[in-house]
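Lettering follows sequence order; numbering is per chain, from 1.
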Number of protein chains: 2
Amino acid sequence: MSKWLERQPDLLARKLEHFARLSPEDIEALDRIWRRKSVTAPPQDDIVRQGDPPGGVRLMQAGWACRYRMLADGRRQILSFFLPGDLCDLNNFVLRRMDHSVMALTPVRYTMLGAEDFDSLTTRRPRLMHALWWDNLVAMAIQREWTVNLGQRSAVERLAHLLCELYVRLHVIGLANGGAFDLPITQVELADTVGLSPVHVSRTLKDLRERNLVQLHRGKLEIFDFQALSSVALFRPDYLHLAAEGAHLAANA
Amino acid sequence: MSKWLERQPDLLARKLEHFARLSPEDIEALDRIWRRKSVTAPPQDDIVRQGDPPGGVRLMQAGWACRYRMLADGRRQILSFFLPGDLCDLNNFVLRRMDHSVMALTPVRYTMLGAEDFDSLTTRRPRLMHALWWDNLVAMAIQREWTVNLGQRSAVERLAHLLCELYVRLHVIGLANGGAFDLPITQVELADTVGLSPVHVSRTLKDLRERNLVQLHRGKLEIFDFQALSSVALFRPDYLHLAAEGAHLAANA
DNA sequence: GAAGCGCAGTAACATAGGTTAGTTTACCTG
DNA sequence: CAGGTAAACTAACCTATGTTACTGCGCTTC
């Protein structure tokens, strides 16, 4: 089995505890959800297609996926990354059709949640539901920060910023250690994420490498100097809304 | 009194009816909220400041405001426009500090809603609450589309796209008629919205003018050919999630 | 109605990033 | 192990957009 599909049991609880104190009952409720029947998808597979009816909330359990939107002429913008423990579109029961697609980047495992699940959490595990809302607001804040990234930052800044953000997010769920993590993303995909051409992404990574900030080699990203990288990126982790310890963690790679 | 501060009584109901059928009781509940004590702010005033505790949801009643975020070196990205009938950050009780600011662009009038209001709407006017969630999801979709805009579209496409979107949104609340609307935004602000320099915004508007697509003169925008403009912009209104008639409306300026 | 100011418009020049195209490397497949 | 393919890398060249700097207009203020 692909390493990407391995289940990490308490990864979601770990993330949510950055936001709220969860009771043992909350954790157990989470655990029950986490163990449900899951679905897998191979890389490049569309998990959700633009135009489809939403059909429920996906809870990502393992692997990377991304949300993207295509223009009529084939240009593609990647809008967000879904990492293990992320929820795709809390609340999207409300809409009739998806306005974007979601694609697996690695082999992916996820489980489906329905409106009933959230109703029952709201009444029975309000604290947990509260944490899920928090997570949802953070996802919105990340989307805004990507807007800032594309609108204001130069190529180096943009890439550096993306790497800082991914590092922090992965660290929170225990998937980044000692300044390194798996980055299963081609340069073409990176390009569609940061709004640059693939060629320029390559140049820019080279630049970052030559400044001894990071190295990306064979899907493994190593950050040599997180402080320096975040200062190049003008990275301010406030938008990730981590609790004090989390923010501190972000400050020291 | 500034024309910007005039209250338009059923503007919010008009918008929400694009999403859900509201009962007379829903409309009355909305109306009661709409009549509450309101606050005004002069142009350029920060209504919300980055770092502040959230302090409740603002319902915009009149005038234009924008959400923005600044980088440490002074660059500014405008993240969204708040038009009359828009809610700032449904659900933001959950966060501790704002990660962005909100500024009035014109004189602005708004009213504050608390968590209690939403609790009571959830139990007593679920259909209305549903419509508010819809509106919130549309706001998220708009944020994503801005990401696409900045990441993939050229200068002309970007500006054209912004104008298309504003036209449709304003039309939905009855503030755009016959292809024209008030656009109380300086070119510098436009520049910070679309991630271009002010000089290039000027050039690009000239370009659009010379193609006989739109004219922006003294805060008044006239769209001469919405079809052509949306095709230049690669504008697809699906992300605004209007009901069938609304989408149709968007298609014919 | 003169002075001052913010905003829009333009021209001339500079540069970040895009494009095309070709090479290398790693990996997969038979 | 040969051949094929996707991804990364590089060089040379091109262009969209940024920068600087100046002009003129339409308000406001006294």
Just N and O in the side chain of Arg218(B): are any of them under 4.0 Å from OP1 or OP2 of dA8(C)?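 For dA8(C), neither OP1 nor OP2 has a side-chain N or O of Arg218(B) closer than 4.0 Å.
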
Under 4.0 Å between a side-chain N or O of Arg203(A) and OP1 or OP2 of dA16(C)?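 Result: no.
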
Between [N] atom [atom2] and [X] atom [atom1], what is the distance in whole Å?
X: His200(A); N: dT17(D); atom1: NE2; atom2: P; result: 15 Å
X: Arg209(B); N: dG9(C); atom1: CZ; atom2: C1'; result: 8 Å
X: Asp207(A); N: dA16(C); atom1: CG; atom2: P; result: 11 Å
X: Asp192(A); N: dG18(C); atom1: CG; atom2: P; result: 11 Å
X: Glu189(B); N: dG6(C); atom1: CD; atom2: P; result: 14 Å
X: Leu150(A); N: dG17(C); atom1: CG; atom2: C1'; result: 14 Å
X: Leu196(A); N: dT15(D); atom1: CG; atom2: P; result: 20 Å
X: Leu190(A); N: dC9(D); atom1: CG; atom2: P; result: 11 Å

From [options], pick the nucleotide closest to the side chain of [X]?
X: Ser197(B); options: dA7(D), dA8(C), dT19(D); result: dT19(D)
X: Lys206(B); options: dC7(C), dG9(C), dT10(C); result: dT10(C)
X: Ser154(A); options: dA21(C), dG17(C), dT17(D); result: dG17(C)
X: Ser202(A); options: dT10(D), dG18(D), dT10(C); result: dT10(D)

So, the side chain of Arg67(A) versus the backbone of Phe82(A): is there a donor-acceptor pair under 3.5 Å, distance only?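 No: the side chain of Arg67(A) does not pair with the backbone of Phe82(A).
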
With under 30° as parallel and over 60° as perpendicular, where do the rings of Trp146(B) and Phe81(B) fit, or are they tilted in between?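 Trp146(B) and Phe81(B): perpendicular rings.
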
In terms of the angle between their ring planes, are Phe235(A) and His161(A) parallel, tilted or perpendicular, with boundaries placed at 30° and 60°?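 Ring orientation, 0 to 90° scale: perpendicular.
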
Taking C-beta and beyond as the side chain, do Leu196(A) and Arg203(A) meet within less than 4.5 Å on heavy atoms?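 When only atoms from C-beta onward are counted, Arg203(A) and Leu196(A) do not touch, as no gap falls below 4.5 Å.
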
Looking at every strand, decide which applies to Gly219(A) at a 4.0 Å heavy-atom threshold: base, sugar-phosphate, or nothing.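 No contact.
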
Could you report the tightest heavy-atom contact between Ala65(A) and Val102(A), atom names first, then the distance?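 Result for this residue pair: CB-CG1, 4.2 Å.
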
